Amino acid sequence: MVTPTTSSKPTEGPEETETEKQHSLKHFPTYGTMNGDTCPTCRGTGRIPRGDKDRLVAVIPCNDVRLEPRRTKLYVFISMAVCLFVCCLILFFLFPRSVTLSPVSVQSVMVYFRPDTVDLNITNLINITNENFVPVQIVKFFGQGLVNKAVVGKIKPVNMSTAIPSRSQRSYNIQIDLVISDVGISNYCKSSTIKIHSLFLELQMTMNISYLSHTEQLSLDTFEYIDCGNNSTIPHPMG
């Protein structure tokens, strides 16, 4: 009877594996070192000190995904759209608009008969409309009255120092003193046989305004009829 014999050679698998692991670990440098030298950045700790974060620069490869532009066209388009919108708003609100001077009515006419002349004191109502989105300052206002193309009086100075607010309208009463020395017109106004002494008066008004750092001049020529023979305190339209 033959008894099978077993090999007395010990198994070296586990021992060789452990040995190989230890041998392999010897080829890896210590954490925080490179080629046996300590990392100058983290000094072997594996972490960057807080005091050095402001003066250290990270170096990354050129093909890093963080360097690839993301939605650049979208951001450029949005920036251009916002700039265009802001420019349109600025142009809309600061674009110069009209400032109009318009006559409204003759408020009163006071007649004074002199031996050689007829004196009239006329009060007119005018409107100044500001269509701009900024206030308008009236720098100067002046005018004159003409009868038969002859200057017979000038408009009295009017206090217009207050600026006209944006998108608003202001009304002013202006007075003009007329002295009619023409013999024919004077006799016509003094005649008692005529009930209504209609006289056409031409008003030439000029106004200097200032807004948005520039000055403009507005002019207006208008005609109105008055009764030069009697006092009138009933307002009636001009022209």
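Keep in mind that what you see is a predicted model, and the values were worked out from it rather than measured. Index from 1, following the sequence.
With rounding to the nearest 0.5 angstrom, the OG atom of S79 is 12.5 Å from the CG atom of L84. The structure places OG1 of T222 at 6.0 Å from CE of M205, a figure rounded to the nearest 0.5 Å. Here the CG atom belonging to L101 is positioned 5.0 Å from the CG atom belonging to L220, to the nearest 0.5 angstrom. Rounding to the nearest 0.5 Å gives a distance of 7.5 Å between CG of N208 and OG1 of T215. Note that CG of N231 and OG of S108 are 9.0 Å apart. Values are rounded to the nearest 0.5 Å. Distance check: N124 CG to I176 CD1 gives 7.5 Å after rounding to the nearest 0.5 Å.
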- Full working for side chain to side chain contact (heavy atoms under 4.5 Å, CB included) between R170 and I138: CA-CA 11 Å; R170 285 282 179 88; I138 300 176; over 6 Å; no
- Starting from the C-alpha separation in whole Å, work towards a yes-or-no answer on side chain to side chain contact (heavy atoms under 4.5 Å, CB included) for V118 and I185. CA-CA 9 Å; V118 176; I185 299 177; over 6 Å; no
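Pairs engaging residues 101-117 under the salt bridge (charged side-chain N to carboxylate O under 4.0 Å, His left out) rule: R114-D119 [sequence neighbours left out]. The salt bridge (charged side-chain N to carboxylate O under 4.0 Å, His left out) analysis of residues 186-204, with sequence neighbours excluded, yields no pairs. Within the structure, ring pair (Phe, Tyr, Trp, His ring centres under 6.0 Å) pairs that include any residue of residues 142-169 do not occur (at least two apart or interchain). Applying the disulfide (SG to SG under 2.5 Å) test to pairs two or more places apart or on separate chains, those with a residue in residues 156-210 are C189-C228.
Remark: N63 pairs with no residue by the side-chain hydrogen bond (donor to acceptor under 3.5 Å, both in side chains) rule, at least two apart or across chains. Every residue meeting the side-chain hydrogen bond (donor to acceptor under 3.5 Å, both in side chains) condition with S191, not counting sequence neighbours, appears here in chain and number order: T193. For Q175, there are no side-chain hydrogen bond (donor to acceptor under 3.5 Å, both in side chains) partners at least two apart in sequence or on another chain. Judged as a ring-ring contact (aromatic ring centres under 6.0 Å, His included), and not counting sequence neighbours, the contacts of Y188 are H197. Residues passing the side-chain hydrogen bond (donor to acceptor under 3.5 Å, both in side chains) test with S192, sequence neighbours excluded: none.
For the pair P135 and Y211, the tightest heavy-atom approach, listed with the atom from each and the gap, is O-CB, 3.5 Å.
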Show me the donor-acceptor pairs, under 3.5 Å and distance only, between side chains in residues 143-157 and residues at least two apart or in other chains.
| unit_1 | atom_1 | unit_2 | atom_2 | d |
| --- | --- | --- | --- | --- |
| Q144 | NE2 | Q204 | OE1 | 2.8 |
| K156 | NZ | D177 | OD2 | 3.3 |

Would you list the atom pairs, donor with acceptor, under 3.5 Å between side chains in residues 125-133 and any protein atom, with sequence neighbours excluded?
| unit_1 | atom_1 | unit_2 | atom_2 | d |
| --- | --- | --- | --- | --- |
| N127 | OD1 | S171 | OG | 2.5 |
| T129 | OG1 | Q169 | OE1 | 2.9 |
| N130 | OD1 | N132 | N | 3.0 |
| N130 | OD1 | N132 | ND2 | 3.0 |
| N130 | ND2 | V134 | O | 3.0 |
| N130 | ND2 | I164 | O | 3.4 |
| N130 | ND2 | P165 | O | 3.0 |
| N132 | OD1 | R97 | N | 2.6 |
| N132 | ND2 | R97 | O | 3.2 |

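At a threshold of 4.5 Å between non-hydrogen side-chain atoms, the residues L199 and Y225 do not count as touching.
Clustering of Ile, Leu, Val, Met, Phe, Trp and Tyr by side-chain heavy atoms under 4.5 Å joins V76 with M80.
Crowding of I196 atom CD1: a count of heavy atoms from other residues, nucleotides or ligands under 6.0 Å not exceeding 12.
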